[in-house]
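Below: one structure, written as structure tokens.
For this chain, numbers begin at 1 and follow the sequence in order.
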Amino acid sequence: MQIKKTVGVAAVLVSTAVVLAGCASSGSSSGSSSSPSTTEAALAATSATSFKRDFSSMAALKPLASKGTGNVTVILPDTVSSARYTEFDAPYLKEAFTAAGLTSSQFTVQNAQGSDATQLTDAQSAITAGSKVLVVDPLDAGVGAKIEEYAKQHSVKVIDYDRLTLGGTRAYYVSFDNVKVGELIGNGLVTCTKDWNVSKPAVIEMKGDPTDNNATLFAQGYDSVLNPLYSSGWTKVAEPAGTWDPPTAATEFAQAYTAHPNANAALVPNDENAAPIITYLKNHGIKEKAFPITGQDATLVGLQNILSGYQCGTAYKPIYLEAQAAAALAMYLRADVTPPAGLVNGSTMDTVSKVAVPSVLLKPEWVTTSNMNSTVIADKFVTAAQLCTSSFAAACKAAGIPTS
């Protein structure tokens, strides 16, 4: 999708890029009066690594707020697949747009509550009410594609948020590098089996919902780590169909474990699914640091399962980065300005539409007891008070997490 540029701002960005390139090549500055202002340079220099914990870098985008028109609407998917959408995405997105200069009447953050019909209706209503940009985390590719087709018919730009809509027509995609997320999970399992002395891993390999492209990318990442091991001493004993519904994941795991009682490790792609599996294993007499389990999303229960020795680690995606990246991208699109290359730092293949989608790809981290304090606690993703309740106080102390 070709984005029309507002002439004045576009000239600023082009001239800034030229000046910056010239400085990089010559290593000196002539002091020419054509040098860009600090504000112009900030607009051109915004990148996927610009965003801070305190949202301060969003202020550099305020000139776009006054140049843009129309509203921005964010439509999140549900409150079941991950608690993150209500606890973090929604408030972070609101903070990011506000810090970038939009008033509360110029943006809306909604949640479809797990309903395809609601998500489509919310998008249509937003467009009718004057939204110029939609930021959508689609419940599934079907509703995502319908939203994007409707938006295209009404000349509204769409950003896929966190999940890519396969077969869609969005302009951009914002997420973490989901193949890298999968690699972190796979490598986390490898390290954990060594640390927990599981010499011949017999793995139940769980998956996310097969209709979610993120689940496909996660699997691509962890399979790239594990598949070579399956031919050199490791065994994959089962591979259930996959789901993001925790009770269903628990049922899938129980069926696989009953059929393969020799299983001694599980690749689980998120904390929500891992939690009932860990409960199941505890109920079957499995002790701590005996049956490696992985996760993702750094949920409170996931972090506590790590502290107690039932989960190896979790792939942590600092959501404040993703929210700011999406808000920044929306600010450029709302102002009809092509976002800088430093922000749009990659591409993601839509395997249905057969197009490479320009993407903002952010860096995930693997969190264990060794870095919990410097990541999720430092980011205020969870507080020490939430994490280190009486049952986990000793483990927190051992992990270097101050509890007072």
> In terms of side-chain geometry, is the basic nitrogen of Asp162 or Arg84 positioned less than 4.0 Å from the acidic oxygen of its partner?
Replying inline: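 Counted as a salt bridge, because a side-chain N and a carboxylate O are separated by less than 4.0 Å.
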>> One thing to verify: whether Arg163 and Asp140 come together as a salt bridge, which I'm taking to mean a side-chain N less than 4.0 angstrom from a carboxylate O.
In response: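 Salt bridge flag = no for Arg163 with Asp140.
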>> Before you tell me yes or no, could you show the steps for Lys157 and Asp336 under salt bridge (Lys or Arg N to Asp or Glu O under 4.0 Å), namely the whole-Å CA-CA distance, both residues' side-chain angles and the distance that decides it to 0.1 Å?
In response: CA-CA 10 Å; Lys157 306 176 184 78; Asp336 288 322; 2.8 Å; yes
How would you list all residue pairs meeting salt bridge (Lys or Arg N to Asp or Glu O under 4.0 Å) that involve [range], not counting sequence neighbours?
range	answer
residues 379-391	Arg53-Asp379
residues 270-291	none
residues 346-360	Arg170-Asp350
residues 302-320	Asp297-Lys317

>> Using the ring pair (Phe, Tyr, Trp, His ring centres under 6.0 Å) criterion, which residues pair with His260? Sequence neighbours excluded.
In response: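 Result, ring pair (Phe, Tyr, Trp, His ring centres under 6.0 Å) vs His260: none returned.
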> For Phe55, what residues pass the ring pair (Phe, Tyr, Trp, His ring centres under 6.0 Å) criterion, not counting sequence neighbours?
Replying inline: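 Counting only residues at least two positions away or on another chain, Phe55 forms a ring pair (Phe, Tyr, Trp, His ring centres under 6.0 Å) with Tyr92.
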Hey, can you pull the donor-acceptor pairs under 3.5 Å for the side chains in residues 194-206, sequence neighbours left out?
from	atom 1	to	atom 2	distance (Å)
Glu205	OE1	Tyr230	OH	2.8
Glu205	OE2	Lys207	NZ	3.3

>> Quick check: closest heavy atoms across Ala325 and Val174, and the distance to 0.1 Å?
In response: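 Looking at all heavy atoms of both residues, the closest pair is CB-CG1, 3.9 Å.
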[X] vs [Y] side-chain heavy atoms within contact, under 4.5 Å:
X	Y	value
Phe253	Leu281	yes
Cys396	Leu387	yes
Leu362	Asn345	no
Leu226	Val190	yes

> Quick one: ring-ring contact (aromatic ring centres under 6.0 Å, His included) pairs with a partner in residues 293-323, sequence neighbours left out?
Replying inline: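 Listed by first then second residue: Tyr316-Phe381.
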>> I need the full list of ring-ring contact (aromatic ring centres under 6.0 Å, His included) pairs touching residues 133-164, with sequence neighbours left out, sorted by first then second residue.
In response: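 Of all non-adjacent pairs touching residues 133-164, those that pass ring-ring contact (aromatic ring centres under 6.0 Å, His included) are Tyr150-His154.
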> By side chain to side chain donor-acceptor pair (under 3.5 Å), which residues pair with Thr165, not counting sequence neighbours?
Replying inline: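 Applying side chain to side chain donor-acceptor pair (under 3.5 Å) to Thr165 gives Glu148, Asp160.
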> Counting distance only, does the side-chain N/O of Asn273 pair as donor-acceptor with the main-chain N or O of Thr243 below 3.5 Å?
Replying inline: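 Here the side-chain-to-backbone pair exists.
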> Between Asn270 and Trp244, do the side chains contain an N or O donor and an N or O acceptor separated by less than 3.5 Å?
Replying inline: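 Checked: Asn270/Trp244 side chains show no N/O donor-acceptor pair below 3.5 Å.
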> Looking just at side-chain N and O atoms, do Ser50 and Ser57 make a donor-acceptor pair shorter than 3.5 Å?
Replying inline: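 No.
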>> Exactly one of Thr118, Leu76, Asp78, Thr79 should register a side-chain contact (heavy atoms from CB on, under 4.5 Å) with Gln113. Which one does?
In response: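 Among Thr118, Leu76, Asp78, Thr79, the one meeting side-chain contact (heavy atoms from CB on, under 4.5 Å) with Gln113 is Thr79.
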>> Under the side chain to side chain donor-acceptor pair (under 3.5 Å) definition, can you give me all pairs with a residue in residues 388-398, not counting sequence neighbours?
In response: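 Output for this query is empty, none listed.
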> Can you list every side chain to side chain donor-acceptor pair (under 3.5 Å) pair that touches residues 175-185, not counting sequence neighbours?
Replying inline: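 Found Tyr173-Ser175, Tyr173-Asn178, Ser175-Asn178, Asn178-Asn214.
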